[in-house]
Asker: 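Once you've had a glance at the structure underneath, I'll fire off some questions.
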Amino acid sequence: MLSSSTLYHVTRKLDGGSKTEDEEKVYSWLYTLAQTDKNLVFEYVRSTERGKCLSFTEAERRLRENGPNVPLEYSFPRWWNLLWNALFHPFNIILIILSVMSFIARDSPNGFIMLVLVFISVTLRFYQEYSSSKAAMKLSEFVKCPIKVQRCAGRVVQKELVVQVDHRDVVPGDIVIFEPGDLFPGDIRLLSSKQLVVSQASLTGESWTTDKTADIREDYNTPLLDLKNICFMGTNVVSGTGTGLVVSTGSKTYMSTMFSIVGKKKPPDDFEKGLRWIFYLLISVILVVVTIMFVVTYLTSLNLTQSVLFAISVASVLNPQMLPLIINTCLAKGALAMAKDRCIVKSLTSIRDMGSMDILCIDKTGSLTMNHAIMVNHLDYRGLPQEKVLRYAFLNSYFKTDQKYPLDDAILAFVYSNGFRFRPSMWRKIDEIPFDFIRRRVSVIIETEDRHSEFFGRFMVTKGALLEVLKVCSFIENFEQDEISPFSSDDYQRILNLSEDISNEGLRILGVAIRKLEMEMEHLSDYFILHVTLQPQTCETSNGSKREDEDVEKDMVFLGLITFFDPPKDTAKQALWRLCEKGVKAKVLTGDSLSLTTRVCREVGISIDHVITGPELELLDQDTFHETVKRATVLARLTPIQKLHVVQSLQTVGNHVVGFLGDGVNDSLALDAANVSISVDSGVAIAKDMADIILLEKDLNVLVAGVEHGRLSFGNTMKYVKMSVIANLGSVISLLIATLVFKYEPLTSTQLLTQNFIYSVGQIAIAWDKMDEEYVKTPHKSSERGLSMFIVWNGSVCTLCDVATLMLLWFYYKAYTDVTQKFFHTAWFIEGLLLQTLIIHLIRTEKIPFMQEVASWPVIFSTVVTSAIGIALPFTPIGKVMGFSLLPLSYFGLLFLLFLGYFIVGQLVKRLYILVYKRWL
């Protein structure tokens, strides 16, 4: 008997290095069992006797050893753990410390505001993390059902019993019995099967079923999910019966390995990294600059209390207090705008990420297409349109009553909308042989007594899967020669070639055949042969009797093919074109066939020059895999794990911000990994839980609007971040220079905190600002290096303006003595407040402010009000209490010239910066 570790070392790597070690072990284990004869697989699960079921005692022991059979071992973190993690964030720590300092400095309003901001930040983060942590538990929905297993009982003589156990109690080595509707409780190696048809939609996303059989030995060249003798946890039986040996349960199944990362914390994005860098920068500046200023102030004044209060005030100035409010306001505005477009935004940060998104991965079905079929053509075996093929396909769909499928509706709609008059009222239904997943066809028996019609008589009309229809045909109708001839091997091959060509065009196919019956068969049910047991060729009629299909569904005349297509949405092509205009490339990641996917992509304008399938991706080495993913625009027949690996490759190797739109279980991994995860209201529960944004309507134009809102939110946030850091750092450096030069405080602690408060409140209007049209056309990402260089280039200009003011006060107004302290405080207060207010207009646009580009009216209004308050304050009683004095009008004239020079120098630096770094915000 081989161990799983031995199997791991002998198995070759299929996925170009993109599998984890756990995934490799699962693959190697399942491939080894698929290669092994069904009578020998018992040795791999340590069964004591070949073919012998487990005893109850042994099953209990294995349950204790392996643990409960749940697809994912995921434990909820305690609420206080989440709260603790949300609270101890660098930004929150700074705010809390500065809040305490503000209370010490007797600035209670400022301290209270910062505590409120901490509360908002902690509450939002706690709610989001607590909600996302529950998503993984949705996986258990797939296996909540009783399972029939064989167990042995008896001490002396053991007897095999069939018992029902909870899915959590199934263990490796159990023999399970399954029938239509059952879910597989683990990974299964089939022991016996009878017309077994399985749906693997939960893993692949494909609506098609797959045949499974126990009597086969596979090899490594077969893709894992195409193994015929292996059934996977979470998939279900559509038809047929069988037994199987449970080879893997719980966390060792393919499904569990696939979803093992669900709910785990994502690494911080570039924007979060940039904020952390700012936090650490501010802490470093606070420790260095504030300490220097405290020492200088104390050595000058020898007043410890006054020096401490001034140092605390400077530290408060360094903090961008309105950052959480600005960020959340920008994002909330975007969320409200998207809500008007029938979108539910679960995660506000996803709106910002949509602004940075440059690749959108989408599933074909329902996203690009209308998700319902339309009939395209009715062809004979040569590929020529024939009305007779359509007539009998219509009659079959019209008279069938057991189950109406979308393809039947498509046939009826085609006939009615194109003006065909087949007069179904002239026909009478005799009986029906319903569709089942073994025969994969449906037959109706109809007759007409109109002796003047060329269709007089009783007919069996059969419609279904092409190969299954061909199985019961002995003749073929040659419309060109108007004769019925024997069905030859050449005819068979010609039809297969035709169907392959049609499939390559992305069309679905149904075959149509008829057989003329004798009119003497008045009671068809008497003609059917009753059977008690299900035989391979047994079918049931609509009246409940059973008969051999070779009695009636035989010697049929093949008429031709009916083709169908799931058409693209009218809005899809326009939406994809608009996204492309905004720098967002679309990639199609689907579980559907390549031919069908390329047809849809061609219709909506997605390039199909570089396409690949999942089985082909598995054979690539790591470097080739990443290069292929980078170039490919259409990736079909992907498993959920492959969708995840594609998204991760684009993120890590390609350095892209990736959005993913999906609504199925098979999309959950990719949704969890994507920067922006999008689902629809009709999606499965786990997909909606993973999603950041839920669309109430499947319209890609909503995403175009979301991208615009995201870029507006991101741009306004970056305005505040860059402007506040430049203004605050420039102000503190200027304060340090003034303190060293004048040997006294440039502003008192009260004046400094008042200036900072007025300026901070005025900055709130940035959330309502607009962006340049050019900015919204392309995606943007935050960068630590870009942020640091931006501060170096533009912060020096701000400091230069303050130094020029300092020189003006020193040389022109002689404000360097103790007698002129009030004058200096007033002049510095107004200059600092006006400069920081005007910085907004210089930073907010690449263009020349007030000339080529004007801010939105809330920003203009805020600028006017803030400036007016700053200028008027020294003339009020409050200004006298704060120690201000009146200023001469000449100062305001010189200040105007100084600011004009600042804008000129700042604009020159801006153009040079853009020339070097090719971007501004």
Side-chain angles (χ1 to χ4, degrees), residues 98 101-111 113 290 293-318 321 727-728 731-762 802-803 805-810 812-837 865-892 894-895 898:
L98 293 180
M101 289 181 173
S102 296
F103 284 113
I104 295 175
R106 301 174 185 176
D107 182 26
S108 299
N110 200 30
I113 289 174
V290 174
M293 297 185 72
F294 166 75
V295 172
V296 172
T297 306
Y298 178 72
L299 292 177
T300 303
S301 64
L302 299 178
N303 188 327
L304 180 61
T305 302
Q306 181 180 344
S307 301
V308 170
L309 290 176
F310 180 70
I312 292 174
S313 301
V314 173
S316 179
V317 169
L318 271 172
Q321 301 172 17
N728 292 356
S731 176
V732 168
I733 293 174
S734 302
L735 285 171
L736 176 61
I737 296 173
T739 303
L740 294 174
V741 171
F742 286 86
K743 306 300 183 183
Y744 60 78
E745 298 173 354
L747 291 173
T748 66
S749 59
T750 302
Q751 292 168 349
L752 191 58
L753 291 173
T754 301
Q755 182 193 65
N756 183 56
F757 178 77
I758 296 173
Y759 161 67
S760 297
V761 172
D802 285 334
V803 171
T805 305
L806 186 64
M807 294 175 65
L808 176 67
L809 295 175
W810 180 285
Y812 187 80
Y813 289 104
K814 311 297 182 181
Y816 47 78
T817 64
D818 294 340
V819 178
T820 57
Q821 275 195 30
K822 284 189 176 183
F823 174 82
F824 182 88
H825 288 166
T826 307
W828 190 270
F829 176 88
I830 293 177
E831 185 273 343
L833 181 61
L834 295 181
L835 177 62
Q836 293 185 34
T837 302
V865 172
T866 302
S867 301
I869 293 175
I871 294 173
L873 189 60
F875 298 93
T876 64
I878 297 177
K880 293 181 180 180
V881 173
M882 294 178 63
F884 291 135
S885 65
L886 299 180
L887 296 176
L889 290 177
S890 61
Y891 177 75
F892 292 100
L894 294 173
L895 206 57
L898 192 67

Asker: Does the side chain to side chain contact (heavy atoms under 4.5 Å, CB included) test come out yes or no for I871 and L834, once each step is laid out?
Answerer: CA-CA 9 Å; I871 294 173; L834 295 181; 4.3 Å; yes
Asker: Is any side-chain heavy atom of P746 less than 4.5 Å from a side-chain heavy atom of H825?
Answerer: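 Not in contact.
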Asker: How far apart are the closest heavy atoms of S885 and T826, and which atoms are they?
Answerer: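 That would be N-OG1, 2.8 Å.
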Asker: Which value, rounded to the nearest 0.5 Å, describes the distance between S731 atom OG and D802 atom CG?
Answerer: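 Between atom OG of S731 and atom CG of D802 there are 6.5 Å.
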Asker: Are Y813 and S890 close enough that a side-chain donor and a side-chain acceptor fall under 3.5 Å?
Answerer: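 S890 and Y813 do have a side-chain donor-acceptor pair below 3.5 Å.
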Asker: So which heavy atom on G762 is nearest to which on T866, and how close?
Answerer: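 Heavy atoms only, the tightest pair is CA-OG1, 3.8 Å.
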Asker: Quick check: do I758 and T754 have side-chain heavy atoms less than 4.5 Å from each other?
Answerer: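 They are in side-chain contact.
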Asker: Can you tell me which residue among F829, F823, F875 is in a side-chain contact (heavy atoms from CB on, under 4.5 Å) with F884?
Answerer: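 So, applying the side-chain contact (heavy atoms from CB on, under 4.5 Å) to F884 and each of F829, F823, F875, only F829 qualifies.
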Asker: Tell me, please, which residues at least two apart from F294 pass ring pair (Phe, Tyr, Trp, His ring centres under 6.0 Å).
Answerer: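 Counting only residues at least two positions away or on another chain, F294 forms no ring pair (Phe, Tyr, Trp, His ring centres under 6.0 Å).
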Asker: So how far is it from W828 CH2 to Q755 CD, rounded to the nearest 0.5 Å?
Answerer: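 Taking CH2 in W828 and CD in Q755, the distance rounds to 9.5 Å.
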Asker: So do the side chains of T820 and K814 get within less than 4.5 Å of each other, counting heavy atoms only?
Answerer: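 A side-chain contact is absent here, since even the closest heavy-atom pair is not under 4.5 Å.
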Asker: Within this structure, what is the CG-CG distance for the pair L895 and L835, rounded to the nearest 0.5 Å?
Answerer: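 Going from the CG atom of L895 to the CG atom of L835 covers 9.0 Å.
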Asker: With heavy-atom distances below 4.5 Å as the criterion, would you say the side chains of L809 and Y891 are in contact?
Answerer: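 Side chain of L809 against side chain of Y891, heavy atoms only: contact under 4.5 Å found.
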Asker: Would you say the side chain of I830 lies within less than 4.5 Å of the side chain of F892, judging by non-hydrogen atoms?
Answerer: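 Contact flag for F892/I830 side chains = yes.
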Asker: Identify the two heavy atoms, one from M882 and one from Q751, that lie closest to each other, and give their separation to 0.1 Å.
Answerer: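 Looking at all heavy atoms of both residues, the closest pair is O-NE2, 2.9 Å.
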Asker: Which atom names give the shortest non-hydrogen contact between L833 and T837, and what distance separates them?
Answerer: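 Result for this residue pair: O-OG1, 2.7 Å.
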Asker: For Q836 and A727, which heavy atoms make the closest approach, and how far apart are they?
Answerer: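 Looks like CG-CB, 4.0 Å.
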